[in-house]
Amino acid sequence: MGEDGAITIPEEYREALGVRAGEDLIVQFEDRELRIYTITEAVRRAQEIVRRYVPEGQSLSDELIAERRA
């Protein structure tokens, strides 16, 4: 870690994450660990959570629009 607190991610880890210099990342601190996610991975995880509660073929956005129109 640099004196300014910056952390350098080794090249092999950047490649495994599929990130490039300057790309935005999400850093989460949980259970005394730092977890680093790409935006794409964070969206994928959020979609996975929603799928557990929304049946296949159901559109929440369509339901919201219908409620607003009613």
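Everything numeric here is computed off the predicted structure, so don't read it as measured data.
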If Ile, Leu, Val, Met, Phe, Trp and Tyr residues are connected whenever their side-chain heavy atoms lie under 4.5 Å apart, and connections chain through other members, are [X] and [Y] in the same group?
X: V54; Y: L64; result: no
X: M1; Y: I36; result: yes
X: L25; Y: I7; result: yes

Enter the distance from [X]:[atom1] to [Y]:[atom2] here, rounded to the nearest 0.5 Å.
X: Q58; Y: Y53; atom1: CD; atom2: OH; answer: 14.5 Å
X: R44; Y: I39; atom1: CZ; atom2: CD1; answer: 14.0 Å
X: E67; Y: D62; atom1: CD; atom2: CG; answer: 11.5 Å
X: I26; Y: R45; atom1: CD1; atom2: CZ; answer: 10.0 Å
X: I65; Y: L60; atom1: CD1; atom2: CG; answer: 11.0 Å
X: E23; Y: R20; atom1: CD; atom2: CZ; answer: 5.5 Å

Atom CZ of R69 with >12 non-hydrogen neighbours under 6.0 angstrom: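 Counting other residues, nucleotides and ligands, CZ of R69 stays at 12 neighbours or fewer.
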Please give me the minimum heavy-atom distance between R35 and D31, naming the atom from each residue.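 Heavy atoms only, the tightest pair is NH2-OD2, 4.1 Å.
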If you compare all heavy atoms of T38 against all heavy atoms of L17, which two are closest, and at what distance to 0.1 Å?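 Scanning both residues, the minimum pair turns out to be CG2-O, 3.6 Å.
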Under 3.5 Å, is there a donor-acceptor pair linking the side chains of Q28 and E33?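 No.
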Just checking, is any N or O donor in the side chain of S59 or S61 under 3.5 Å from an acceptor N or O on the other one?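 Looking only at side-chain atoms, S61 and S59 do form a donor-acceptor pair, the distance falling under 3.5 Å.
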Less than 4.5 Å apart, any side-chain heavy atom of V19 and any of I9?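 Answer no - side chains too far apart.
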